[in-house]
Amino acid sequence: MKTVSQTELAKHNSPGDLWMVIDGDVYDVSKFAKVHPGGPQILEQYGGLDVTSEFYELHRKDVLAKYQRMKVGRLDTAKEAQALVPGQISAVPFAEIPAFQGAASPHYKDSHRRLLQDVRAFVQKELEPIAESADLAGERPDRELQQKLGMSGMMVGRMGPGPWLKEAVALGIRIPGDVPPEEFDYFHEMLVHQEISRLGRPGFIDSLGAGWLISAPAVYAFGSEEVKRTVGPQLLKGDKWSALAISEPFAGSDVAALKCTAQLTPDGKHYIVNGIKKWITEGMYADYFVTAVRTGSSGAGGISMLLIERGEGVETKQIKTTYSTCCGTALVILNNCKVPVSNLMGKEGEGFKQIMFNFNHERWLIAQNLIGQARAAVTDTFMWARQRKIFGKALIDQPVIRNKLASAAASLESVQTYVEAVTYDMCNTKGGAHNQRLAGPIAMLKYQSTRASWNIADDCVQILGGRGITRTGMGAKVEGFKNYVKYAAVYGGSEEIMADLAIKQAMKGFPATAKL
């Protein structure tokens, strides 16, 4: 690459001939100035100068990747550029789980670090370059991306420990970090969730499997052997996609009140399904729907689960919510939909228990997604506070800003520690996340995660100011996190339901003789 002296740089400082330096690299922005969103004048005033400080007050570092073609050399006085190592661990305060920044922890081994860096490298290469554009445009993932997610282990790696891991390896799927299936634990899974969530674009993040992750495990847990043999591999490889269809206009947290019906045909070979499902994440592009239906009388005992394939009698319509439409949130209309009895999951009348079984893991993974986005928001806020100049000094030099950073970081690390305690319990309890005893602790974890995240989002937005409520630019991840907090407080069981469940379960063990 050409070496540029200060003298040569200074010559390129007029309209139509503009060079400037960022991080030691020299860029020719002469043509770009004409199409600059702020007009050419803003660039012309900086022609022939080092604008590193000014650039980082306005733009994220990843913006430079889009304009490498404008690079014409490197300043002769600049230090040697450090190449970005894919998956590199960050030294920015609170940018990593404490165990990966030097804190002692009994939970993580070398395999966890390998997996973390492997997943991060995948995210940096395959997902970060498309996250913003897909999120803003509402572009749903195509089959090629879904297959890439499947074969790289990003889907099975978020299903947690189980027999599907060995099956995945047999199908040619690579487990991130090359972790052997028998060593894979819930801490490995936790890292995959949190790393993908650090993309900070909640709509895009949910388009990468939010519906799949709460439906595919049910296929393996309750599907017939034939379904597991035929549908299971398609889901693991990303050849097909699934969604969980439980919520209805009539029934949200009150699952037992659902009205979607499934009636056996006279020959006993099929169910005829009629009803409406609402707010179904990834429903717009799912190939299969793990669906709660009423096969019996009212109440929980009349509910069953069916695996419904997209086809005749299945219609989906986009629901526009606060975040991006790229995650395909849908209204699913089932109109005389014919489903083979072989697609019954378990037995008739067991649906409510299956839904409850599935909820523990779903709620735990929602907490992971929330914490991953929270850490991304705190990281960006720290970097912004250090590089933003105000009243003649860095923002972080203001005591009130340091106070808010401390508040956000303390909330984040408190919840991370809580997550690790519950995850350790899952790793060492029979049945893992699905053990009935863990329903209360996981519900309480989800409740505390959303409550703490309100505080984190509030602190981060206040520090970023207008940028913290803007979908693009420096505060994009903060803006996305701020919106996602309310989603997490509602879906998978509202905060109020979570708190109530946790206390009700705790009261079951209350000693009858205990007195104040």
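Throughout, residue positions are numbered sequentially from 1 according to the sequence presented.
Ion pairing between E96 and R120 holds under the 4.0 Å rule for side-chain N and carboxylate O. With respect to D380 and R60, a salt bridge is recorded, a charged nitrogen being found less than 4.0 Å from a carboxylate O. Salt bridge status for E248 with K278: absent, with no side-chain N to carboxylate O gap under 4.0 Å. A salt bridge is absent between K71 and D28: the closest approach of a Lys/Arg side-chain nitrogen to an acidic carboxylate oxygen does not fall below 4.0 angstrom. Contact check on R158 versus E189 returns no salt bridge, with no Lys/Arg side-chain nitrogen under 4.0 Å from an Asp/Glu carboxylate oxygen. Remark: D118 engages R174 in a salt bridge, criterion side-chain N to carboxylate O under 4.0 Å.
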> Stepwise, does the side chain to side chain contact (heavy atoms under 4.5 Å, CB included) test hold for M498 with I442?
Replying inline: CA-CA 9 Å; M498 293 298 91; I442 290 175; over 6 Å; no

> Which is it for T423 and W364 under the side-chain hydrogen bond (donor to acceptor under 3.5 Å, both in side chains) test, yes or no, and what are the steps along the way?
Replying inline: CA-CA 9 Å; T423 303; W364 176 83; 3.1 Å; yes

> So I130 and L145, side chain to side chain contact (heavy atoms under 4.5 Å, CB included) or not? Walk me through it.
Replying inline: CA-CA 11 Å; I130 63 173; L145 177 57; 4.1 Å; yes

> Step by step, would you call L235 with Y220 a side chain to side chain contact (heavy atoms under 4.5 Å, CB included)?
Replying inline: CA-CA 10 Å; L235 295 176; Y220 277 90; 5.7 Å; no

>> Pair K237, M151 - check side chain to side chain contact (heavy atoms under 4.5 Å, CB included), show working.
In response: CA-CA 5 Å; K237 292 191 294 182; M151 297 309 294; 3.7 Å; yes

>> salt bridge (Lys or Arg N to Asp or Glu O under 4.0 Å), that's the test. Do K504 and D500 meet it? Break it down for me.
In response: CA-CA 6 Å; K504 277 184 176 177; D500 188 56; 3.3 Å; yes

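For K317, the NZ atom counts as loosely surrounded, since its 6.0 Å shell holds 12 or fewer non-hydrogen atoms of other residues, nucleotides or ligands.
Side chain of N483 to backbone of Y323: no donor-acceptor contact under 3.5 angstrom is found. Panel note: side chain Q387, backbone E57; no donor-acceptor pair is recorded below 3.5 Å.
Between the side chains of Q318 and R140, at least one donor N or O lies within less than 3.5 Å of an accepting N or O. The closest side-chain donor-acceptor pair between Q41 and Q45, if any, does not fall under 3.5 angstrom. The closest side-chain donor-acceptor pair between R143 and Q146 falls under 3.5 angstrom. Counting only N and O atoms by type, the side chains of S407 and D459 include a donor and acceptor under 3.5 Å apart. A donor-acceptor pair shorter than 3.5 Å cannot be found between the side chains of S207 and Y285. Counted by atom type alone, S197 and N369 present one or more donor-acceptor pairs between their side chains at under 3.5 Å.
Using a 4.5 Å cut-off on side-chain heavy atoms (C-beta onward), Y27 and Q68 make contact. Within the 4.5 Å cutoff, the side chain of T381 has no heavy atoms near those of the K404 side chain.
Counting all heavy atoms, side chain and backbone alike, F184 lies closest to G157 at CZ-O, 3.4 Å.
Note on ring orientation: taking the six-membered ring where Trp is involved, the planes of W212 and W241 are tilted (angle from 30° to 60°). Ring geometry, Y67 versus F32: the interplanar angle falls from 30° to 60°, so the pair is classed tilted.
Listed by chain and residue number, F94 satisfy the ring pair (Phe, Tyr, Trp, His ring centres under 6.0 Å) test with F382 (two or more places apart in sequence, or in another chain). Here Y424 pairs with H107 under the ring pair (Phe, Tyr, Trp, His ring centres under 6.0 Å) rule; sequence neighbours left out.
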